Number of protein chains: 2
Amino acid sequence: MQEQAIIKSSISKQIAEQLRNAIVSGRFKSGERLPTEDELATRYGVSRATVREALKRLAAQNLVRSRRGPAGGNFVNQPTHAELAESLSGAATLLVGLGALDIEEIVEARRTLQGGCLKLAVVNASQEQIQDVETALQLQKDPALSDEAFCDADVAFHRGLVDASNNGMVRFVMYSIIEALVPITNMVVSYVKDRREIIAFHEGLLLALQQRNEEGLESALDALLDYLMERFSVAQAQRKQHAS
Amino acid sequence: MQEQAIIKSSISKQIAEQLRNAIVSGRFKSGERLPTEDELATRYGVSRATVREALKRLAAQNLVRSRRGPAGGNFVNQPTHAELAESLSGAATLLVGLGALDIEEIVEARRTLQGGCLKLAVVNASQEQIQDVETALQLQKDPALSDEAFCDADVAFHRGLVDASNNGMVRFVMYSIIEALVPITNMVVSYVKDRREIIAFHEGLLLALQQRNEEGLESALDALLDYLMERFSVAQAQRKQHAS
DNA sequence: TTTATGCTATTTGTCTGACAAATAGAAGTC
DNA sequence: GACTTCTATTTGTCAGACAAATAGCATAAA
């Protein structure tokens with residue numbers, strides 16, 4: 001006898017909750033196919049439209065994927081690291097966009113948490129991971145890159161750096177900070193046309209990682225953050241002037 | 001001339017993207033009302049059902065809230081800290097539930113990142129925040145608490161600790177780790193019936209915070225994690241035995 | 001035998017139109 | 001003035017339909 005309580009939220013939301021619980025608790029395993037929408041509809045005694053709204057809620061959380069066709073359906077999605085990073089970065093950019101986080105806070109957070117992360121990296125980084133970082137840096141060096149592509153490459157570089165920590169949770173967490181920093185990099189890159197300095201910092205980081213030199217890594221990253229903050233305030237001032 | 005590319009994703013997903021961008025970029029301000037579903041439908045040239053699926057995707061991210069009635073509609077939602085924490089914890093528990101993160105990783109992440117966080121806390125914690133931590137601990141001491149309530153109080157205590165860092169981004173990030181640790185605490189609490197040890201560790205943490213003793217904080221937290229890990233492996237072994 | 005082609009059934013994606021439910025505001029009533 | 005009632009607006013849900021993708025099978029061609 002479960003107390004189903006008097007529920008005030010919409011049916012589609014409740015169904016989304018139930019399905020979500022079923023997935024998280026393992027009643028539907030990863031990769032498995034959910035019942036068809038029609039069947040869910042009859043099972044819950046609602047229309048397909050309602051079921052679909054529930055499924056779309058889950059899809060927004062990358063919990064289900066859907067495919068059409070006879071072998072299609074709604075599948076429990078094992079979120080890839082990329083998708084996780086995407087949803088995290090979504091949350092982070094949202095916070096920045098809504099002004100719930102300010103730039104100083106984000107930079108401070110990065111400074112605060114990077115130490116431990118880098119410590120892990122120098123211990124755990126595999127040769128392959130170091131190679132990945134190097135590759136990312138090479139890509140970033142291409143002068144033909146648009147500003148946007150340069151920033152993407154920048155994100156890839158920093159992600160590579162935290163990937164080297166070889167810890168999924170740390171990665172999960174640091175990705176969101178990296179993403180939150182994107183607006184800064186963006187502004188600096190587009191106002192300060194010179195990319196060489198950023199590249200130089202990155203080369204320093206890579207070198208220190210290759211030498212497994214923790215202190216070098218920390219000071220290089222600190223210097224990069226100093227540089228970004230300084231240029232950022234300049235760019236911000238310029239933009240303010242333009243606006244006036 | 002924008003290259004609109006050949007788009008392969010569903011219309012409702014695209015609309016969700018567009019609305020999301022409009023919100024994040026500030027074209028719809030926080031608290032503002034979006035156009036009615038009917039209007040969005042005609043504006044995008046799709047049916048209301050499609051618009052609704054898009055809106056439900058956003059609702060799942062706590063980006064919009066909806067109310068019925070003449071003064072109702074879909075509103076841009078400034079996510080509260082609680083809602084953010086909720087969606088983060090959702091992501092974290094999901095990861096743990098799906099087995100994408102294992103316990104050792106999470107504990108290692110906590111060890112890795114706590115240092116910086118505590119450093120901030122000893123510097124920035126306000127009297128009020130210290131008081132909040134103390135209150136949370138008092139609540140946790142109530143022997144009448146159910147196991148579940150005890151774990152909730154545990155989460156509240158640790159959240160209070162990271163709140164003391166006074167940095168929104170750090171908080172955002174550490175909340176997810178705290179949440180990911182819940183399954184451990186849960187298991188330890190329900191198998192090892194003695195709560196006094198956990199409470200004792202927490203008292204040590206509180207005291208060190210009050211004294212703004214960073215090293216004390218770190219070692220206390222380390223000890224707590226050691227304790228949890230040890231009890232956790234015991235509990236896990238017991239459970240395995242039961243299962244066999 | 002192998003490859004190519006088309007058919008068919010299944011499932012999600014979208015549309016249409018309708019009604020139910022909530023509710024803010026106006027109008028009417030005492 | 002306080003209360004009730006009515007009305008218009010908007011989201012929530014429903015039912016049924018068709019479009020689009022696609023896996024599997026049958027068939028035809030090489």
Side-chain angles (χ1 to χ4, degrees), chain A residues 4-20 22-23 28-78 83, chain B residues 4-20 22-23 28-77:
Chain A
Q4 204 59 8
I6 37 161
I7 309 169
K8 191 59 182 175
S9 74
S10 71
I11 298 179
S12 74
K13 191 165 187 177
Q14 293 171 52
I15 293 182
E17 289 288 334
Q18 289 197 33
L19 287 176
R20 184 177 208 286
I23 292 173
F28 291 115
K29 281 164 201 150
S30 179
E32 194 175 336
R33 208 192 89 168
L34 304 182
T36 67
E37 295 176 352
D38 271 317
E39 185 168 339
L40 285 174
T42 57
R43 191 178 296 185
Y44 283 111
V46 300
S47 75
R48 191 159 80 94
T50 304
V51 168
R52 280 182 62 78
E53 289 187 4
L55 286 170
K56 290 321 156 201
R57 291 177 129 104
L58 300 181
Q61 302 167 40
N62 273 315
L63 263 169
V64 300
R65 257 176 340 187
S66 54
R67 278 204 320 268
R68 286 203 267 213
N74 290 281
F75 296 84
V76 178
N77 188 24
Q78 169 86 275
E83 284 168 333
Chain B
Q4 204 58 8
I6 38 164
I7 309 169
K8 191 59 180 172
S9 73
S10 71
I11 298 179
S12 75
K13 191 166 186 176
Q14 293 171 51
I15 292 182
E17 289 288 331
Q18 289 196 35
L19 287 176
R20 185 178 206 286
I23 292 172
F28 291 115
K29 281 161 204 153
S30 180
E32 193 174 337
R33 206 191 90 165
L34 304 182
T36 66
E37 295 177 351
D38 271 318
E39 184 166 339
L40 285 174
T42 59
R43 190 178 295 185
Y44 282 111
V46 299
S47 75
R48 190 160 80 95
T50 304
V51 169
R52 281 182 60 80
E53 289 188 3
L55 287 170
K56 291 320 155 203
R57 290 179 130 100
L58 300 181
Q61 302 168 42
N62 274 314
L63 265 170
V64 300
R65 259 174 334 176
S66 53
R67 278 207 317 268
R68 285 202 268 213
N74 289 281
F75 296 84
V76 178
N77 187 24

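Since the model is a prediction, treat every value here as computed from it, not as a measurement. A, B, ... follow the sequence lines: proteins, then strands. Residue 1 opens every chain.
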Handout entry: salt bridge (Lys or Arg N to Asp or Glu O under 4.0 Å) partner of A/E37, the single match among A/R52, A/R68, A/R43
Key =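 Result for salt bridge (Lys or Arg N to Asp or Glu O under 4.0 Å) with A/E37: A/R52.
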Can you check the [X] [atom1] to [N] [atom2] distance for me, whole Å?
{"X": "A/L55", "N": "D/dT13", "atom1": "CG", "atom2": "C1'", "result": "16 Å"}
{"X": "B/R65", "N": "C/dA22", "atom1": "CZ", "atom2": "P", "result": "19 Å"}
{"X": "A/K13", "N": "D/dT11", "atom1": "NZ", "atom2": "P", "result": "16 Å"}
{"X": "B/R48", "N": "D/dT9", "atom1": "CZ", "atom2": "C1'", "result": "12 Å"}
{"X": "B/R33", "N": "C/dA24", "atom1": "CZ", "atom2": "C1'", "result": "12 Å"}
{"X": "A/E39", "N": "C/dT12", "atom1": "CD", "atom2": "C1'", "result": "15 Å"}
{"X": "A/F75", "N": "D/dA21", "atom1": "CZ", "atom2": "C1'", "result": "13 Å"}
{"X": "A/D38", "N": "C/dT10", "atom1": "CG", "atom2": "C1'", "result": "10 Å"}

Problem - Listed nucleotide nearest any side-chain atom of B/T50, set D/dA21, D/dG12, C/dT14 - result: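 The nucleotide sitting nearest to the side chain is C/dT14.
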Problem - Nearest listed nucleotide, side chain of B/S66, among D/dG12, D/dC14, C/dT12 - result: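 Selected nucleotide (nearest to the side chain): D/dG12.
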Handout entry: Close side-chain approach of A/N74 to A/R33, heavy-atom, < 4.5 Å
Key =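 Side-chain contact under 4.5 Å: no.
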Practice task
Side-chain contact test, heavy atoms from C-beta onward, threshold under 4.5 Å: evaluate it for B/F75 versus B/E32 and give yes or no.
Solution key: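 Of all side-chain heavy-atom pairs linking B/E32 with B/F75, none is under 4.5 Å.
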Exercise for the section: Could you tell me which non-hydrogen atom of A/L19 sits nearest to which non-hydrogen atom of A/L55, and how far apart they are? Expected result: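 Taking every non-hydrogen atom into account, CD1-CD2, 4.0 Å.
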Problem - For A/A54 against A/A16, the heavy-atom pair lying closest together - result: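 Shortest heavy-atom separation between A/A54 and A/A16 comes out as CB-N, 3.7 Å.
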Problem - Closest-nucleotide ordering on DNA chain C, the 5'-leading residue of A/A49 and A/G72 - result: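 Result of the comparison: A/G72.
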Exercise for the section: By nearest nucleotide on DNA chain D, pick out whichever of B/P35 and A/P70 is the more 5' one. Expected result: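 The residue mapped nearer the 5' terminus is B/P35.
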Practice task
Tell me which of A/G69 and B/T36 sits closer to the 5' end of DNA chain D, going by the nucleotide each one is nearest to.
Solution key: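 With A/G69 and B/T36 compared, the 5'-side residue is B/T36.
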Any side-chain N or O of [X] under 4.0 Å from OP1/OP2 of [N]?
{"X": "A/K56", "N": "C/dG13", "value": "yes"}
{"X": "A/S12", "N": "D/dT13", "value": "yes"}
{"X": "A/R68", "N": "C/dT10", "value": "no"}
{"X": "A/N74", "N": "C/dT11", "value": "no"}
{"X": "A/S10", "N": "D/dT11", "value": "no"}

Exercise for the section: For B/R67, report the nucleic acid contact type (base, sugar-phosphate, nothing); a contact means any heavy atom under 4.0 Å. Expected result: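 Sugar-phosphate only.
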